[in-house]
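Working notes, beginning with the structure itself.
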Amino acid sequence: QVQLVESGGGLVQTGGSLRLSCAASGRTFSGYTMGWFRQAPGAEREFVAVITWSDGNTYYADSVKGRFTISRDNAKNTVYLQMNSLKPEDTAVYYCAAAMSRRWYNWYAMSPRKNSYDYWGQGTQVTVSS
């Protein structure tokens, strides 16, 4: 059974940094895409960043490009989201997700869609104070 467990959230001031972790277990993730999504109160869950487990291809939402970096450690089965220059609008619950992406017809089209993902973590709260 696949489990995704996020950690690293917290309260930080504007301009600060946090690193989120997503520990994945339950199977081999070769052929998977791992994603970070976020959901603010009253808003839809939105795409943040994704990475392919095997070769490390990445893709970012425009709103976080240049500030956030997604990475993975295959030996630890963990995906990270390094968040720098945080803004109050980054305040949200951040979710880790996993999808078997080997058969996606277009990775750049499919990876930002939350409905593309098979597994989700429980989320970790990030609050950025102004």
Side-chain angles (χ1 to χ4, degrees):
Q1 182 175 347
V2 172
Q3 276 198 312
L4 304 174
V5 180
E6 302 98 333
S7 61
L11 173 65
V12 65
Q13 291 186 329
T14 297
S17 298
L18 282 174
R19 188 177 81 155
L20 305 183
S21 300
C22 172
S25 62
R27 65 160 300 126
T28 302
F29 289 93
S30 173
Y32 271 68
T33 288
M34 308 297 291
W36 285 99
F37 289 75
R38 65 187 182 186
Q39 188 167 16
E44 293 285 322
R45 191 170 298 189
E46 66 175 11
F47 162 68
V48 175
V50 292
I51 189 167
T52 56
W53 197 270
S54 299
D55 53 16
N57 282 346
T58 59
Y59 185 42
Y60 296 90
D62 287 343
S63 59
V64 306
K65 204 174 294 183
R67 300 188 298 124
F68 291 10
T69 303
I70 190 171
S71 62
R72 88 270 191 241
D73 184 328
N74 289 6
K76 296 182 178 179
N77 257 22
T78 300
V79 177
Y80 302 99
L81 185 69
Q82 177 66 44
M83 305 186 296
N84 298 329
S85 302
L86 282 161
K87 306 175 182 179
E89 52 264 43
D90 293 319
T91 294
V93 177
Y94 283 69
Y95 296 91
C96 178
M100 165 50 79
S101 56
R102 190 171 286 148
R103 288 191 293 271
W104 284 353
Y105 69 92
N106 182 325
W107 187 78
Y108 288 101
M110 297 291 286
S111 60
R113 300 179 186 176
K114 56 183 181 290
N115 292 339
S116 298
Y117 291 80
D118 306 302
Y119 305 101
W120 292 87
Q122 82 288 349
T124 185
Q125 176 71 47
V126 171
T127 303
V128 184
S129 63
S130 56

Expected list for residues 81-88: side-chain donor-acceptor pairs under 3.5 angstrom, two or more places apart:
| unit_1 | atom_1 | unit_2 | atom_2 | d |
| --- | --- | --- | --- | --- |
| Gln82 | NE2 | Asn84 | OD1 | 2.9 |
| Asn84 | OD1 | Ser17 | OG | 2.9 |

Notebook entry, point to check: Would you call the rings of Tyr59 and Trp107 parallel, tilted or perpendicular if under 30° counts as parallel and over 60° as perpendicular?
Noted result: tilted
Check: Any chance CD of Gln3 has more than 12 other-residue heavy atoms, nucleotides or ligands included, within less than 6.0 Å?
Finding: no
Mind checking whether [X] and [Y] sit in one hydrophobic cluster, side chains of I, L, V, M, F, W, Y counted as touching below 4.5 Å?
X	Y	value
Val93	Tyr80	no
Val64	Val50	no
Trp120	Tyr94	no
Leu4	Val126	yes
Phe47	Met110	yes

Which atom pair, heavy atoms only, marks the closest approach of [X] to [Y]?
X	Y	result
Tyr117	Ala97	CD2-CB, 3.6 Å
Gly31	Ser54	N-OG, 3.3 Å
Gln122	Tyr95	O-CE2, 3.6 Å
Leu11	Ser129	CD1-CB, 4.3 Å

Item checked: Test item: side-chain donor near acceptor, Ser116 and Trp104, under 3.5 Å -> no
Next item on the list: Any pair with a residue in residues 95-109 that passes salt bridge (charged side-chain N to carboxylate O under 4.0 Å, His left out), sequence neighbours left out, goes on the list, sorted by first then second residue, please.
Entry: none
Disulfide bond (SG atoms under 2.5 Å apart): pairs with one or both residues in [range], sequence neighbours excluded:
range	answer
residues 41-86	none
residues 45-94	none
residues 62-130	Cys22-Cys96

Note to self: As a test of understanding, state which of Val48, Ile51, Ile70 forms a side-chain contact (heavy atoms from CB on, under 4.5 Å) with Tyr60.
What the structure shows: Ile70
Return the set of residues passing side chain to side chain contact (heavy atoms under 4.5 Å, CB included) with [X] (not counting sequence neighbours), or none when no residue passes.
X	value
Ser7	Ser21
Glu46	Arg38
Asn106	Tyr108, Ala109

Check: Is a side-chain donor or acceptor of Asn77 paired with a backbone partner of Ser25 at a separation under 3.5 angstrom?
Finding: no
Margin query: Nearest 0.5 angstrom please: Thr58 OG1 to Met34 CE, how far?
Written below: 15.0 Å
Next item on the list: Apply side chain to side chain donor-acceptor pair (under 3.5 Å) to Thr14 and list each qualifying residue two or more places apart in sequence or on a separate chain.
Entry: none
Check: Looking at residues at least two apart in the chain, or sitting in another chain, which of them share a ring pair (Phe, Tyr, Trp, His ring centres under 6.0 Å) with Phe29?
Finding: Tyr32, Trp53
Note to self: For Asp118 and Met100: C-alpha separation, side-chain torsions, deciding distance, then whether side-chain contact (heavy atoms from CB on, under 4.5 Å) applies.
What the structure shows: CA-CA 8 Å; Asp118 306 302; Met100 165 50 79; 4.2 Å; yes
Note to self: If the condition is salt bridge (charged side-chain N to carboxylate O under 4.0 Å, His left out), which residues does Lys114 pass it with, not counting sequence neighbours?
What the structure shows: Glu44
Item checked: Partner residues of Asp55 under the salt bridge (charged side-chain N to carboxylate O under 4.0 Å, His left out) criterion, sequence neighbours left out -> none
Next item on the list: Please step through side-chain contact (heavy atoms from CB on, under 4.5 Å) for the pair Arg67 and Asp90, ending with a clear verdict.
Entry: CA-CA 11 Å; Arg67 300 188 298 124; Asp90 293 319; 2.8 Å; yes
